[in-house]
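Keep in mind that the numbers below use all heavy atoms, side chains included, and drop hydrogens, waters and symmetry copies. Letters A, B, ... mirror the listed sequences (proteins, then strands); counts begin at 1.
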Amino acid sequence: IAAESTKVALVPGGPHPYFAAWEKAGQDAMKDFKLGAADYRIPQKWELSQQNELLESLLSQGYNAFLVFPGDPVGSNSTVAELTENGAPVIATAGCLKEPTTALFCLGTDTGNSAYLGTKELIKAMGGKGRIAHFSGFLVDPNTQLRIDAVEKAAKETNGAVKVVQVITDIDAPEPAEEKINAYLAAHANEVDGIITTAWIPAVVASNALRKIGDKRIQMVGIDHDEVVLKAIKDGFVHGTMLQNPYGQGYIGSFALDKIRSGCKVKPDAPFKTIALTNRFIDSGTVFAGKDAVDNYVASMQAITKEIFANFASTYLSCP
Amino acid sequence: MASPTPTELDPSSELDAVADRGPLLSRESQTLRFLLSNEFGLIVLIAIFAGVFSLFTPGFTSPFNQFTLGRTMAIDIMIGFSMMVVIVTGGLNLSVGAIGVCAAIGFGWLVETLGLPLPMALLGALALGATLGTVNGILIVRSGLHSFIITLATMSIFFGVMVFLTHAEAFRIIPPEMSAFGKMRILSYVSPLLLISIAVGVLLTCLYRLTPLGREMLAAGAKAAAAELSGVRIGRTFVICHSLSGVLAAIAATMVVARNGAAIPSMAGGLGQDWLLPAVLGPVLGGTLLTGGRVSVFGTFLGSAFVTTLTNGLLQFRVGEFWLQTWLGGLLLLAVLIDLARRRYLARGGRRMA
Amino acid sequence: MSAALSRVLQADWFGPLAIVIVATLVIGSIEPSFLSSFNIQILLLAVAVNCVIAFSQMIIIAVGQMNLSVGAIGGLAAISFAGMMQVWGLPGPLAALAALAIGAAAGLFNGALIAATGISAFVVTLASLSVFKGINLGITRAQPFYGVPESVKAFGNTTFLGPIPWLVLPAILVVVAIMHLLNRQVLGRHILAVGGNQSAAELSGISVARTVVWTHAISGTLAALAGIMFVARLQLGQPSIGDDWLIPSFAAPVIGGAVLAGGHVSVSGTLLGVVIVAIITQALVIFRIDPFFVQVVLGFLILWAVGINRLREIRVERVLGRI
Amino acid sequence: MTAPVLEARGISKSFPGVRALQDVSMTLGRGSIHALLGENGAGKSTLIKVVTGVHQLDAGTLLLDGNSVHFAGPREAIAAGIAVVHQERNLIPRFSVGENILLERLGDNLLRSVDHGAIHAEAKRWLDVLELDVDSRIPVSRLNVAKMQLVEIAKALSLRSRVLLLDEPTASLTPHETVVLFGLLRKLRDEGVSIVFVSHKLEEVQEICDQVTVLRDGRNACDSRSMAGLGRQDLVRLMIGRSEQIPNWSVRDRTTAEPVLELYGIATSIGHNGIDLTLHRGEILGLYGLIGAGRTELAKSILGIYRITSGEIRIGGQTAHIRSMAEAIHCYRLGYISEDRKQEGLILMHSVLENAGMTVWRKLAGAFGVLTDRTIRARVEPVIRQLDVRTPSLAQTVGNLSGGNQQKISVAKWLAAEVSILIVDEPSVGIDIKTKAYLHGLLRQLADRGTAILLITSDMPEMITLADRIAVMDEYRVKGVIANDRVYEGMSERIMHLIHGQEAA
Ligand SMILES: Nc1ncnc2c1ncn2[C@@H]1O[C@H](COP(=O)(O)OP(=O)(O)OP(=O)(O)O)[C@@H](O)[C@H]1O
Ligand SMILES: Nc1ncnc2c1ncn2[C@@H]1O[C@H](COP(=O)(O)OP(=O)(O)OP(=O)(O)O)[C@@H](O)[C@H]1O
Ligand SMILES: [Mg+2]
Ligand SMILES: [Mg+2]
């Protein structure tokens, strides 16, 4: 099948700055691989039902390959199954679907591992001991539980030197994040030594909060590449951030979908990683960026993308 | 066309002579009433928009799209019903989503953990919905507070307890017949879920038209003081409305489970809030009064159907992805304006007829 | 003396005030840091912004309607404010004025449509919510505006007289203005009259349409102000500002004694409602409630707060011999 | 006649399914009190609403001082100097009495401040003029219907306009307030104000009016005639096309029948004390008193709405503790026709059929609890016809009926309920004389068939026509019970003597 017939839809879970790079990635992939389309289509809200509707509609519109950030690791499975049943291959992108699933594989950040690594970095910065507060996202997102567990695991490994004293969740919206994080710091700032954030908005709000109280004693590791977080790292209020690779996900994912449509198969013995949700996981790269790395974080992500892309086909796909 | 003028009803001057003069309802005014109704307006709007969409987008009429449209519609209609039965009382049930999620998770737990057979588990889910609804109703009636604030609190409580017990874990091992039902296509166009919604709609219509209980619900919702002085047990009636709301939310939830093939805590968003919009939109567009006392089951059905059709069509139209909401809102406004124009036009005509 | 006492007992604000005092004392004695200067500052900040949101809804409740688009208007004003400063380099005050004007215009749009067509406010504001949110997303493509000038950031972040944040100033202004409006100004009385009995107001020569338009314009302006305050506090123009305002915007007025059918609202009650919600939110964080249990506790606390208030009302009614 | 101030020429107005006014004319002279009469549904209120810009006329012209005018809304009519008291109460429940009175005069400048002190001072003046003793600072929601009506009149008076339209202003007033009001109206007339007065109480009309316009089925039966030389029966003939039939019922004594409702030493949380009353099977016991005597409240206390603090109620010989109206109806077969039809009697947004059938739904439900419109119609239609309700259909919204017809529905639903004890509170407020006769006949029939009726009415003639015995209440106590000999002069004297006598002595 010719590449022009491949029409990829890149569908995030809702409007969110994280996915902005997917648009560019799709356009680049379309040009580079001569695809019929690689369009970035977003649901209007972070609602599982809205995403489902959008996906169903895109299928009726003739899209035949999907990169999907699953609105829910379990709940999105039936829609994904419907897509594949109608001949459109799906790659779970940026977040994974829980097995069993009809998605080809999951290309994204191992959320648990990223949180774990971030916490390790934080503990290192704290000098191996102290108390940690963990700020995370929607409680109903099973990833949140994975992150809570991962942070807990990293702390446990210190044999009691580090303790997670507080977990605050459901602060993915700016208003509650402001209120809860500030309230927490107001009451307990001197009882914590480190903060780990595992969602975008909490990372932004916590960076600002630390800047506001001017406290450089409390160490913090954030997530993602929001300007506020990056600037706080440069100014020394935040220790570093766990970067993910949205561009790479979109670019490589589009490429893989086209290959699959042109007859390639996913190698059954490919070196997939196993994570809590799935045993067909491909890490799109997660790196820790500290003060020295923030300025050229784009370059480092591109390097990772290039590296994964270079032998992606040979590693994961078997083509006729 | 002559509608009866008051003079025709003039009784004879003798006190006891009750002349038998046939029904007081005239056919003409019934026709006019229907043409002026919300229901007719929505039918017209759905026809207009569906027509435009099928003309200008290739995907809209495809069997798959019609099937998914019907399926989405079915769920939204049921959610609309579960709010509608409470709006009748002049109140709101903010916890429809939370009750729905609880019922879905309860269902998942019954089939997966307890291994109950499907019908038993379904009944269990409905019973759970009814119980939570009853709790709402009793709290509202006993405290005398507005249902808005009570259900705001219970929304937190129901959902919180559910998340606390499950730690946001989903139940996946549900009977295959259930997921097959969610994917089933009758004549390749129709989802059986839609038939369920239609059936429930018919039952609700019978409730309001043909039973004292339904009439009492409307009377109590329209003017509690007057209804009470006519012997309606207001408190009990309101509690029953809320229980019914719980049951309907549970039905909607099991439909979502069938559609998703799993019972997941995030199916209605945080605290179940994602259900609020479809829940209120259908009844309000359908002519159910937010102040209570007037209901239109068919209108709710059409209202929800209209919104899902509009959304679906717009997605097909591929308006600039970030601008979709603007379009949706704009078209909704356009639709109500068209409807208003229709009503003004007909009303003027109706007056001329009189 | 006893008449004055009974007037106080009957007032809408009495119950919420008692709850606030009791809650403050209890939480403060268990966790002294609750009364620390920094914490008070945080509390005031939360109250300042949230009360403006609550008032923007309260005024619509007063006229007997609902405004579902407060969040969307607030969000639109927020990103316009931040966007104008970043993209056009407008100075803060000018951008703020422009954003307020956008909010007022959005409110006018709602109000004019409702007044001119007679379509229910619920439907109109629901549709316009979609329109405004769509414009927000269309402009930002879900990306925040970061270019907020230092002066604005400082306004959102610094304090005077010890722990009092500057952001409290606009909030106080709004409280005073709304109180004056509803109690002492012709427009305010018209709003309450229309909310209390629309047809009677109409028959008394009050222009319902004009009142409704004004009310929505005020609501839009207040929502915009809240959005602007949020940008100052958050230090960036997040497109998702406003997404979650709807339920809190209703909760505070209702806790404060507003009648959802219209005609009766309480400014002090609403303000106290906001304070109660803020205290509850903070208490949950301070007492380190298990995150999986937060919602349950929150729900019970709301029930407790409104329940206490209701008990008081029942007492008062009983004294008056109604039961 | 002096130069006309306000003239209506050839006015027509239709509502869906109803021609309310057809080619109606009326001419209002300066300094006159003009009666506007007609049966329920004849179009009186509609005419007033058309004149004041509430409804837009379909055809015809309005002339003010000889100039053609058009009012797009009530605001413009008020601005042109026309004040009105509508038939339905139009007050803002939570606003104070004072502010309600001066609502029109808050002004149009939205940004102006309101001077509450001045408002209450001014309001107090108007309350004093009407001899209404209420604090202008309490909310009107705390007033009873009669006081609300007076507030509404004060509201219209406070505009000091040249034209004053009063749509049944005396419907819920007792003779005492009416006398005060009439004194005031005469004074205004002498100052040159033109007044339109709508009433179903012909004695009042004859007492005060100098001109009369009668409407019949939406048309002029007479247009602005002088009252001089018109007798009561002439007016009746103009209104209903025939003369009045005055029932000549015999005096009854039912005190020997078994008692069905007995009150022994009842005291209530709102101030009743030591009330003893006995109502016998088939008896009509009247309860008379001036406004504020506490009759309505006594009825509501029996129904369990206010708390009874001591004493005993017996129904059918058994001690009864009624906790809700539902219990009253379903366990004790006790019904209550409320004096406040708008708040407690009717559901204005529902149809005639729904309203009239509300009390019998449970009884009528057939097998499987199914209840069709047809079943309900069969039960309520006869009563509705007997009361001569003017409605285009049973599906009509009750709120769209004329005031008197609404009242008929609120009575009809209890006549259909077949209860054994019926408390009737001001049943004929706003009902025209013809229907009032029907209603009296129906109540009498009910009593003849064994229903015990407790009749609360401020309408002395009605009381003397219907009651077998009359209990007189004042200040929450029963002052005495007298047998009714149906001789008007003697009875009214004895009643007033019971109310005032002890004080005078
Ligand atoms: N808004 C309305 N919609 C429909 N019909 C109406 C409306 N208002 C009045 N009518 C009808 O117009 C006719 C005249 O009503 P109107 O209220 O003028 O009577 P009225 O003479 O004031 O009677 P009453 O003595 O009972 O007050 C009635 O048949 C009534 O049902
Ligand atoms: N709960 C209450 N609070 C304050 N005032 C009350 C209350 N209940 C009754 N009243 C007042 O008590 C008085 C007695 O009521 P009402 O006038 O209805 O008695 P009535 O004899 O039935 O008079 P009517 O002739 O109007 O039927 C009224 O002035 C009323 O406003
Ligand atoms: Mg009338
Ligand atoms: Mg009374």
Correct closest heavy-atom pair for B/Leu145 and C/Gly307 would be CD1-N, 4.4 Å

Max heavy-atom pairs within cutoff under 4.5 Å with chain C, candidates B/Leu337, B/Leu331, B/Leu271, B/Thr154, goes to B/Leu271

Pair C/Phe122-B/Val280, side chain to side chain contact (heavy atoms under 4.5 Å, CB included): steps then yes or no
CA-CA 10 Å; C/Phe122 190 93; B/Val280 191; 2.8 Å; yes

Where does B/Leu340 contact chain C at under 4.5 Å (heavy atoms): side chain, backbone, both or neither?
side chain

Is it the side chain or the backbone of C/Ala251 that comes within 4.5 Å of chain B heavy atoms, both, or neither?
both

Do B/Gln325 and C/Leu137 have side chains that approach each other closer than 4.5 Å (heavy atoms only, starting at C-beta)?
yes

Got a second to check how far C/Leu246's CG is from B/Leu277's CG, nearest 0.5 Å?
9.5 Å

Side-chain touch B/Leu333/C/Phe109, heavy atoms, less than 4.5 angstrom
yes

Give, as side chain, backbone, both or neither, the part of C/Ile135 having an atom under 4.5 angstrom from any heavy atom of chain B.
both

Would you say CZ of C/Phe300 has more than 12 non-hydrogen atoms from neighbouring residues, nucleotides or ligands within 6.0 angstrom?
no

Against chain C, label B/Met162 side chain, backbone, both or neither, depending on which of its atoms sit under 4.5 Å from a heavy atom there.
neither

Under 4.5 Å, counting heavy-atom pairs only, tell me which of C/Leu298, C/Ile302, C/Thr117 racks up the most with chain B.
C/Thr117

Where do B/Trp323 and C/Ile139 come nearest, in terms of heavy atoms and distance?
CZ2-N, 4.2 Å

Which atoms of C/Phe250 come close to chain B, meaning under 4.5 Å heavy atom to heavy atom: side chain ones, backbone ones, both, or neither?
both

From the list B/Gly160, B/Ser156, B/Gly330, the residue making the most non-hydrogen contacts under 4.5 Å with chain C is B/Ser156

Could you tell me which portion of C/Ala258 (side chain, backbone, both or neither) has an atom closer than 4.5 angstrom to a non-hydrogen atom of chain B?
neither

Closest-packed option against chain B by number of heavy-atom pairs under 4.5 Å, given C/Leu303, C/Val259, C/Val131
C/Val131

CD of B/Gln273 to CG of C/Asp244, rounded to nearest 0.5 Å, is 6.5 Å

How many angstroms lie between atom OG of C/Ser130 and atom CG of B/Leu324, to the nearest 0.5 angstrom?
8.0 Å

Between C/Leu301, C/Ile247, C/Val124, C/Val123, who has the most heavy-atom pairs with chain B when the cutoff is under 4.5 Å?
C/Ile247

Can you tell which part of B/Leu165 gets under 4.5 Å to a heavy atom of chain C, answering side chain, backbone, both or neither?
neither

Looking only at heavy atoms, the pair that brings C/Ser120 and B/Val284 closest together is OG-CG1, 4.4 Å

